[in-house]
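Reviewing the structure listed below.
Only this structure's heavy atoms are used, side chains among them; waters, hydrogens and symmetry mates stay out. Since the structure is predicted, the reported quantities are computational estimates derived from the model, not experimental observations. We name chains A, B, ... by the order of the sequence lines, and we start the count at 1 in each one.
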Number of protein chains: 2
Amino acid sequence: MGKIKTSSTNFENKSNLATGCPEAYAVNLIKGQWILSICYCLKNARLRFSEIRNQIPNITERMLTLQLKQMEENKLILKYVYAEVPLRVEYELSEIGKGLLPILERLGDWGQHHREYLEAEAFK
Amino acid sequence: MGKIKTSSTNFENKSNLATGCPEAYAVNLIKGQWILSICYCLKNARLRFSEIRNQIPNITERMLTLQLKQMEENKLILKYVYAEVPLRVEYELSEIGKGLLPILERLGDWGQHHREYLEAEAFK
DNA sequence: ACCCATACTTACATAAATGTTCGTTCCTTA
DNA sequence: TAAGGAACGAACATTTATGTAAGTATGGGT
């Protein structure tokens with residue numbers, strides 16, 4: 001993702017929306033391409049970096065690193081580092097991260113319903 | 001937004017996630033920068049293009065056009081065109097679009113809570 | 001001395017989303 | 001004849017997100 005440019009119009013718009021609208025603020029926390037997959041993996045388990053990677057087929061190590069870092073900064077997950085060899089790092093959902101799960105479930109139900117609706121429309 | 005490149009890895013990943021995971025599918029429908037603002041405007045009203053534009057301070061006509069088009073393609077909104085002069089076009093939330101509102105409300109509550117939590121953390 | 005695995009990091013390249021500017025079409029009114 | 005508002009569209013530039021390939025640090029095992 002790289003650094004963002006705090007002088008751009010785009011950045012300013014994003015900030016304004018995130019400040020004024022909690023829905024937009026929330027969506028910004030979860031719209032990363034792999035974040036929901038990671039949430040799903042960590043739903044009922046505390047996992048290591050490599051375990052997450054193996055459960056998400058097409059993710060690269062770079063993207064996994066970036067998304068985990070972002071989630072940690074946003075306090076959606078907790079990170080545990082064990083000074084062993086080889087290094088062991090584990091991740092789990094935070095309390096506030098877990099609070100997202102039931103909402104995501106409803107959003108998923110809506111998405112499922114929406115998809116079926118669109119497919120039915122396509123037939124007509 | 002322009003055309004997307006259906007041969008890219010990025011596109012393929014997005015497709016796979018949207019196919020397999022209804023949560024990711026749903027987030028894709030609402031992650032556009034201005035889509036939630038538009039939903040908010042149309043929550044209780046059927047509005048013209050220019051009315052929406054005036055209610056969302058920093059949006060450009062181009063972005064409003066693009067996001068409305070995307071929402072219409074995804075059947076989140078309905079578009080009514082009246083052959084008058086000057087031209088009149090109105091938009092309103094579809095049934096399935098309205099179904100999103102209560103979920104967004106819960107997401108907004110969570111976002112609000114999350115934001116306050118982060119701010120409290122920053123004090124410590 | 002060398003290799004191994006883990007969990008990254010860095011540099012670079014591409015794709016996608018958003019922003020800026022200008023133009024267009026319709027008909028009406030001045 | 002000119003001007004004007006509504007709702008866009010096109011060309012181009014910038015910013016952000018994602019992908020690819022390679023390298024690093026660690027310390028133990030062989």
Is the phosphate of C/dT20, meaning OP1 or OP2, less than 4.0 Å from a side-chain N or O of B/Thr60? no

Whole angstroms only, please: what is the CG-P distance between A/Leu66 and C/dC8? 11 Å

Does a sphere of radius 6.0 Å around NZ in B/Lys5 hold more than 12 heavy atoms from other residues, nucleotides or ligands, not counting ones at 6.0 Å or beyond? no

Face-on cation placement of B/Arg115 at A/Tyr25 ring, 6.0 Å and 45° thresholds: yes

Can you tell me if the side-chain N/O atoms of A/Ser8 get under 4.0 Å from OP1 or OP2 in C/dG19? no

5'-most by nearest nucleotide on DNA chain C - B/Lys31 or A/Pro86: A/Pro86

Closest non-hydrogen atoms of A/Leu29 and A/Leu76, given as atom of the first, atom of the second and distance, are O-CD1, 4.0 Å

d(CE, A/Met63; C1', C/dA15) in whole Å: 12 Å

DNA chain D nearest-nucleotide lookup for A/Lys5 and A/Val85: closer to the 5′ end is A/Lys5

Using a 6.0 Å cut-off, check whether atom NZ of B/Lys75 has over 12 heavy atoms from anything other than its own residue. no

From CD of A/Gln70 over to P of D/dA17, roughly how many Å is that when rounded to an integer? 8 Å

Comparing nearest nucleotides in DNA chain D, the 5'-proximal residue of the pair B/Asn10, A/Ser7 is A/Ser7

My understanding is that only one of B/Ile35, B/Ile30, B/Leu78 makes a side chain to side chain contact (heavy atoms under 4.5 Å, CB included) with B/Met71; could you say which? B/Ile35

Which letter, B, S or -, goes with each nucleotide of nucleotides 7-13 of chain D from 5' to 3', with contact meaning a protein heavy atom under 4.0 Å? SBS-B--

Strictly below 4.0 Å: does B/Gln67 bring a side-chain N or O up to OP1 or OP2 of C/dA17? no

Round to a whole Å and report the spacing from OH of B/Tyr82 to C1' of C/dC26. 18 Å

Protein-nucleotide distance (A/Glu84, atom CD; D/dG29, atom P), rounded to Å: 13 Å

Give a yes or no on whether the backbone of B/Ile96 and the side-chain of A/His113 come within a donor-acceptor separation of less than 3.5 Å. no

Contacts of B/Trp34 and B/Lys14 projected onto DNA chain C by closest heavy atom; the upstream (5') one is B/Lys14

What integer distance in Å separates B/Asn28:CG from D/dA17:P? 15 Å

When the ring planes of B/Tyr80 and B/Tyr82 are compared, do they come out parallel, tilted or perpendicular, using 30° and 60° as the limits? parallel

How many whole angstroms separate atom CD of A/Glu12 from atom C1' of D/dT14? 15 Å

Measure the distance from CG on A/Asn58 to C1' on D/dT18 and round it to the nearest whole Å. 13 Å

